[in-house]
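See below for the structure under consideration.
The structure presented is a predicted model; accordingly, all values stated were derived computationally and were not measured. Chain A is the first sequence line, chain B the second, and so forth, proteins listed ahead of strands; every chain is numbered from 1.
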There are 2 protein chains.
Amino acid sequence: MNVRSFNFAAYYSNEMRPRDADKERVIKKKAIEMIVKYGFDGLSMHKLAKAAGVSPATIYIYFKDRDDLIIQAGLEEELKMFDATLKGFDASMSFEEGMRVQWMNRTHYFLENPDQMNFMEQLKHSPYHHEIGTRVESNFSNLMSQFVHKAIDNKELAPLPIEVFWAISFAPLYQLVKFHINKKGITGSPYVLDDQSIHLALSIVLKGLKPTVQ
Amino acid sequence: MNVRSFNFAAYYSNEMRPRDADKERVIKKKAIEMIVKYGFDGLSMHKLAKAAGVSPATIYIYFKDRDDLIIQAGLEEELKMFDATLKGFDASMSFEEGMRVQWMNRTHYFLENPDQMNFMEQLKHSPYHHEIGTRVESNFSNLMSQFVHKAIDNKELAPLPIEVFWAISFAPLYQLVKFHINKKGITGSPYVLDDQSIHLALSIVLKGLKPTVQ
DNA sequence: TAGTAGTAAGTGAACGTTCGTTCATTTAAT
DNA sequence: ATTAAATGAACGAACGTTCACTTACTACTA
């Protein structure tokens, strides 16, 4: 019996033992911790079961198989990340204000959830990337498209393909946070990200993106 | 018998059968292909041996163990990448010219070697990252430091920490190439990187980095 | 209210497979 | 003759997954 043959009729007539709501959460969380610490190689179902305090068989009540577990964890984290990113954001904001909100939201979320970020980055660069792909992103990228096109129309932003915009706007932020999480800069020396650097980087990005006055 | 107990005395007196110079190359290459296609999970020594056309035991003549193989492959690719990046580059170049050379070198190398780039990106976001770390980078980052500090002194570049410089200068390029290699942009729609986008992105980055005239 | 039937949650042990690695031996060089 | 390269078979361990079974919860009966 697994998640795909869940008996909804029985569930709604209350004729079954309910699931422990915490178990799925704990399993996903421990899986992420193991992947971050030891890589995808290091995620074994036996070890995960032990870490989560359940039987190996229990994991298969909540997830179809190992791949499903990884993908479900990825989808959930992606959703959480988008939520955090868009807190207080509105596509109708001025370009500069909207950018500032998103930079700060992302920065704080990543710094407070380094395991989650690390996991997502591993996922993004693995063959699982294709599986997760565009299931969640549509809402998000629609909102971003709106925001970008409005900014271009208002001459707050130079006209450019959305991918170029994205790469220039957010890739530097991700890179800085990665330096911080790895505790190492390019030279290999210790690195700690501070607010000043974040603001400096953002202002440089904004300057680059501002349309040239004719 | 493995690489660590290699008999140099016997070797230089020509009393031993020489290694097949191609084998190590083929093993590394196939390993990279497997990792890119199936992730670190998907790299098994049996399958790798079959793919490389050798016995599993042969791999252990050239590499201490699986981790050593992965790390050696990573180190070699890192070296190759730096070589390609610095072709025609000189720390004494003007800032703009130096940046342009590096952008073009990197772009072309990545586009011509997508497997290698993908492998390095997986490595960078895995626990192996720490193992490779700063063994190769010192030459490279010294050169970059020179280049950056000279540019700041010459007022070609706004003063900023080297990590902020790096993040703004090169993270966007990496992101654009990743979109291209994945054949998908942010929206999930097909994406092909063209020269125009590369030049546009570089010019925006350079504009952002230029010091504000007082 | 106490007891029972019915359901799925939850489990530990076991399954067959595949893993990374090694060993005993053969092959191909000098 | 000497050396290491190269191998196929074999090792124990660990893998992902399943099975037979027990536990705990709910609904219903009386």
(Q) I want to check something: taking the side chain as every heavy atom from C-beta on, are A/L43 and A/I70 in contact at a cut-off of under 4.5 Å? (A) yes
Q: Please state how far atom CD1 in B/I59 lies from atom C1' in C/dC23, giving the value in whole angstrom units.
A: 16 Å
Q: Check if the side chain of A/S55 and the base of C/dG10 share a donor-acceptor pair of N or O atoms closer than 3.5 Å.
A: no
Q) Picking from C/dG10, C/dT21, C/dA29, which would you name as closest to the side chain of B/P18? A) C/dA29
(Q) Let's see if you can work this out: which of D/dA6, D/dT18, C/dT21 has an atom nearest to the side-chain heavy atoms of B/R66? (A) C/dT21
Q: Just say parallel, tilted or perpendicular for the rings of B/F95 and B/F147, cut-offs at 30° and 60°.
A: parallel
Q. In terms of side-chain heavy atoms of B/Y60, which of C/dA9, C/dG10, C/dT22 is nearest?
A. C/dT22
Q.
Given the structure, check if the side chain of B/R17 and the base of C/dT27 hold any donor-acceptor pair shorter than 3.5 Å.
A. yes
Q: Could you check how far CD1 of A/I61 sits from P of D/dT17, rounded to whole Å?
A: 15 Å
Q | DNA chain C contacts among residues 38-50 of chain B, heavy-atom distance under 4.0 Å | A | B/L43, B/S44, B/M45, B/H46, B/K47
Q. Do side-chain atoms of A/H125 reach the backbone of A/E121 as a donor and acceptor pair under 3.5 angstrom?
A. yes
Q.
So that I can tick it off, tell me whether A/E77 and A/K80 are bridged by a salt bridge, with the cut-off set at under 4.0 angstrom between side-chain N and carboxylate O.
A. yes
Q: In sequence, state the C-alpha distance, the side-chain angles, and the governing distance for B/R25 and B/D22, and then conclude on salt bridge (charged side-chain N to carboxylate O under 4.0 Å, His left out).
A: CA-CA 5 Å; B/R25 222 194 81 251; B/D22 257 11; 2.9 Å; yes
Q | Side-chain N,O (A/Y62) to OP1/OP2 (C/dG10) below 4.0 Å | A | yes
Q | Carboxylate-amine/guanidinium contact B/K28 B/E76, below 4.0 Å | A | yes
Q | Between D/dT18 (C1') and A/F63 (CZ): distance, integer Å | A | 18 Å
**Q.** Nearest-nucleotide comparison on DNA chain C, the residue closer to the 5′ end among B/D67 and A/D20
**A.** A/D20
Q. Which of residues 22-37 of chain B sit near DNA chain D, with a heavy atom under 4.0 Å from it?
A. B/K23
Q | Gap between atoms CZ and P, on B/R19 and D/dA6 respectively (whole Å) | A | 8 Å
(Q) Donor-acceptor pair, distance only, cut-off 3.5 Å: does the side chain of B/Q122 make one with the backbone of B/I35? (A) yes
Q.
Taking the side chain as everything from C-beta on, heavy atoms only, tell me whether B/H199 gets closer than 4.5 Å to B/W103.
A. no
(Q) Tell me the interatomic distance from A/D65, atom CG, to D/dC15, atom P, rounded to whole angstroms. (A) 17 Å
(Q) Any heavy-atom pair between the side chains of A/L86 and A/V101 that's under 4.5 Å? (A) no
